[in-house]
Amino acid sequence: MRRGFLLLLVQSAIFTASTAQDKSYIQDPTLAVSFLFQDFKSASNIRSTSLATALRDRNFARIRDMSPGLGISYLEGIHKHYDVVINLTGSFLDYPVDGRPPFSNDYFLIEGDVSLRGKMFSNAWWVSPYVQVGAGTSYYKGYHAAYIPAGLGMQLNFFDEAYLLVNAQYRIPVTTMASFHFFYSVGLAGNIGRKKQNRKVENMPLPSLIKPDRDGDGVPDHEDVCPDTPGKKENKGCP
């Protein structure tokens, strides 16, 4: 029973892989809406000690310590394993900045970035892990900042029309008004268009010219001496 189940899985994988060779499976233009959490506490604990210490002591933020928000994303494939992603997110929080006193109030944070996703599998598979890196900018209480989003994610495909996106990023500050923090999101996405497929233009044969033959004897009228009387070809169309 167990061997039969493993054999079925192998056959399914081979079938899926062979199907992927027949189609491009490039990500169609896709729009996603996601629910997100900003996690500054875990990043601060790791940087103040070490990742090993934080893992040992379980010194990570809980959900109540994170700041929720919403985001919208646009995805489009440039290759069956690579997608361009444009993100725009917003959340209310007290943004911590190193070397600066807290703002002591929650203000609206806007973040936008452009990233490149590298997927392990194409959309021929129902699940595809990916890595993502890009460049982003933020606006908070009159201050602009720049950061680098880098992370991992998982895309679950539903009938090549809808997707579940799970993503975790580590956001690295580039300017002084940005801070190290983790970014987690879960979203639903759906196709909003189809890529134009490159179609091969085949050379169509030219239709043959039909030569008139009124008497139907197989001798064209321009060679038929008797065009209205069926005849033989050796007699130039005459009886």
Side-chain donor/acceptor of S48 to backbone N/O of S44, under 3.5 Å: yes
Quick one: does NZ or CZ of K119 land under 6.0 Å from the six-membered ring centre of Y130, within 45 degrees of the ring axis? no
Under 3.5 Å, is there a donor-acceptor pair between the side chain of T30 and the main chain of D28? yes
So, R171 versus Q38: side-chain donor-acceptor pair below 3.5 Å or not? no
Sequence neighbours excluded and cut-off under 3.5 Å, please list the side-chain donor-acceptor pairs for residues 60-70, or say none.
from	atom 1	to	atom 2	distance (Å)
D65	OD2	R62	N	3.2

Of the non-hydrogen atoms in P173 and A178, which two are nearest, and what is the gap between them? CB-O, 3.4 Å
Once the angle between the rings of F103 and Y107 is folded into 0 to 90°, is it parallel (under 30°), tilted (30 to 60°) or perpendicular (over 60°)? perpendicular
Membership question, hydrophobic clusters at under 4.5 Å side-chain separation (ILVMFWY): are W126 and V186 in the same one? yes
I'd like to check Y163 versus N123 (side-chain heavy atoms, cut-off strictly below 4.5 Å). Are they in contact? yes
Intermediate values then yes/no, ring pair (Phe, Tyr, Trp, His ring centres under 6.0 Å), Y184 and F37: CA-CA 5 Å; Y184 316 109; F37 288 98; 7.7 Å; no
Say whether S42 and D39, considering side chains only, have a donor N or O and an acceptor N or O under 3.5 Å apart. yes
Distance (rounded to the nearest 0.5 Å) between S138 OG and I110 CD1: 9.5 Å
Could you tell me whether the side chain of S179 and the main chain of P96 form a donor-acceptor pair under 3.5 Å? yes
Which value, rounded to the nearest 0.5 Å, describes the distance between Y140 atom OH and L109 atom CG? 7.5 Å
Is the centre of the F182 ring less than 6.0 Å from the centre of the F180 ring? no
Measuring only between side-chain heavy atoms, which start at C-beta, is L152 closer than 4.5 Å to Q132? no
Rounded to the nearest 0.5 Å, how far does OH of Y74 lie from CD1 of I86? 7.5 Å
Partner of N87 under side chain to side chain donor-acceptor pair (under 3.5 Å), chosen from S185, S73, S34: S73
Quick one, I72 and L31 - any side-chain contact, counting heavy atoms below 4.5 Å? yes
Rounded distance [0.5 Å steps], CG in N59 versus CG in N45: 4.0 Å
For the CZ atom on F158, are there more than 12 heavy atoms of other groups (residues, nucleotides or ligands in this structure) within a distance under 6.0 Å? yes
Strictly by side-chain hydrogen bond (donor to acceptor under 3.5 Å, both in side chains), give each pair with a member in residues 93-105 just once, sequence neighbours left out. R100-Y143
I would like to know whether N167 and L36 meet side chain to side chain contact (heavy atoms under 4.5 Å, CB included); could you show each step before the answer? CA-CA 9 Å; N167 185 251; L36 60 93; over 6 Å; no
Of the non-hydrogen atoms in G136 and D113, which two are nearest, and what is the gap between them? CA-CB, 3.5 Å
Hey, could you give me the CD/CG distance between E76 and N191, rounded to the nearest 0.5 Å? 11.0 Å
Considering all heavy atoms, the nearest R117-V85 contact: CG-CG2, 3.4 Å
Exam field: side chain S122 to backbone K80, donor-acceptor pair closer than 3.5 Å: no
Looking at every non-hydrogen atom in both residues, tell me the closest pair between T137 and A145 and how far apart they are. OG1-O, 3.0 Å
Do V84 and L75 touch side chain to side chain, with heavy atoms closer than 4.5 Å? no
Heavy-atom closest pair, residues L164 and G187: CD1-O, 3.4 Å
Test of ring centre spacing under 6.0 Å for Y170 and F183: no
Calculate, to the nearest 0.5 Å, the distance between atoms CD and CD1 belonging to Q27 and I78 respectively. 12.0 Å
Residue pair I148, V174: steps toward the side chain to side chain contact (heavy atoms under 4.5 Å, CB included) verdict: CA-CA 7 Å; I148 297 174; V174 176; 3.7 Å; yes
